[in-house]
Visitor: 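Got a structure for you, written out below as structure tokens; questions coming shortly.
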Amino acid sequence: QVQLVESGGGLVQAGGSLRLSCKASVRTFSSYAMGWFRQAPGREREFVVAITWRSGWTNYADSVKGRFTISRDYAKNTVYLQMNGLKPEDTAVYCCAERFFDGNYAAVDEYANWGQGTQVTVSS
């Protein structure tokens, strides 16, 4: 089974930046896209952004457009999330996930594999 490992989280002041990484232990031929989700205490898991492996097509949540940028390194089986202009409301555990088909990229149940997550804390 594919393992996803996130890294790069931490504590940063408002307005600062962080770069998250999500490395897949293997990328199967059927892997279609990767997504980032976040979950703050007491809140539901929230879609952040997704990217397709082949074309690099992206889909961002409105709350992060213009501040976050997703990218992928096909050769390294790694997806990155560059987060700029961080706000206290961005504080959450950020998880990456893998999906095998096109569809509703914000739908949690359309993703098959999930990482453990990395904590991002933004202080005001």
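The basis for the numbers below is simple: all heavy atoms, side chains too, and nothing from hydrogens, waters or symmetry mates. Computed from a prediction, not measured in an experiment: that's the story for all the values here.
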Visitor: Can you see which heavy atom on A92 is nearest to which on A40, and at what distance?
Guide: CB-N, 3.8 Å
Visitor: Is a donor from one side chain sitting under 3.5 angstrom from an acceptor on the other, for T78 and D73?
Guide: no
Visitor: Looking only at heavy atoms, what is the nearest atom pair of A14 and P88, with distance?
Guide: CB-CD, 4.1 Å
Visitor: Does any donor atom in the side chain of Q13 or S123 lie under 3.5 Å from an acceptor atom in the other side chain?
Guide: no
Visitor: Would you say CD of E89 has more than 12 non-hydrogen atoms from neighbouring residues, nucleotides or ligands within 6.0 angstrom?
Guide: yes
Visitor: Should R38 and S63 count as side-chain neighbours, where that means a heavy-atom distance under 4.5 Å?
Guide: yes
Visitor: Got a second to check how far M34's CE is from T52's OG1, nearest 0.5 Å?
Guide: 12.0 Å
Visitor: Could you grab the distance from atom CD of Q82 to atom CZ of R67, nearest 0.5 Å is fine?
Guide: 12.0 Å
Visitor: Roughly how far, to the nearest 0.5 Å, is the CG atom of D102 from the CD atom of E110?
Guide: 8.5 Å
Visitor: About how many Å separate CD of Q116 and CD of Q3, when rounded to the nearest 0.5 Å?
Guide: 9.0 Å
Visitor: Does the Lys NZ or Arg CZ of R19 fall within the cation-pi geometry relative to Y80 - under 6.0 Å from the ring centre and within 45° of the axis?
Guide: yes
Visitor: Is the closest side-chain heavy-atom distance between V79 and I51 below 4.5 Å?
Guide: yes
Visitor: Between N77 and W53, which heavy-atom pair has the shortest distance, and what is it?
Guide: C-CH2, 3.8 Å
Visitor: Which pair of heavy atoms, one from W36 and one from S21, lies closest together, and at what distance?
Guide: CH2-O, 3.7 Å
Visitor: Could you check if a side-chain atom of T91 sits within less than 4.5 angstrom of a side-chain atom of V120, using non-hydrogen atoms only?
Guide: no
Visitor: Does the side-chain contact (heavy atoms from CB on, under 4.5 Å) test come out yes or no for Y60 and V48, once each step is laid out?
Guide: CA-CA 6 Å; Y60 290 88; V48 177; over 6 Å; no
Visitor: Do V49 and L81 have side chains that approach each other closer than 4.5 Å (heavy atoms only, starting at C-beta)?
Guide: yes
Visitor: What's the separation between atom CG in L4 and atom OG in S25, rounded to the nearest 0.5 Å?
Guide: 7.0 Å
Visitor: So, D62 and K65, do they make that salt bridge, N to O below 4.0 Å?
Guide: yes
Visitor: Cluster partners of W114, using ILVMFWY side-chain heavy atoms under 4.5 angstrom, listed by chain and number?
Guide: Y32, F37, F47, W57, Y105, V108, Y111
Visitor: Give a yes or no on whether V12 and L20 share a hydrophobic cluster (residues Ile, Leu, Val, Met, Phe, Trp, Tyr; joining criterion: side-chain heavy atoms under 4.5 Å apart).
Guide: yes
Visitor: Indicate yes or no for a side-chain donor-acceptor contact from R72 to the backbone of R54 under 3.5 Å, with no hydrogens or angles considered.
Guide: yes
Visitor: Measuring only between side-chain heavy atoms, which start at C-beta, is N113 closer than 4.5 Å to R99?
Guide: no
Visitor: Could you note down all residue pairs passing salt bridge (charged side-chain N to carboxylate O under 4.0 Å, His left out) where residues 4-13 supplies at least one of them, sequence neighbours left out?
Guide: none
Visitor: Which atom pair, heavy atoms only, marks the closest approach of S17 to N84?
Guide: OG-OD1, 2.9 Å
Visitor: Mind checking the CG-OH spacing from L18 to Y94? Nearest 0.5 Å is all I need.
Guide: 9.0 Å
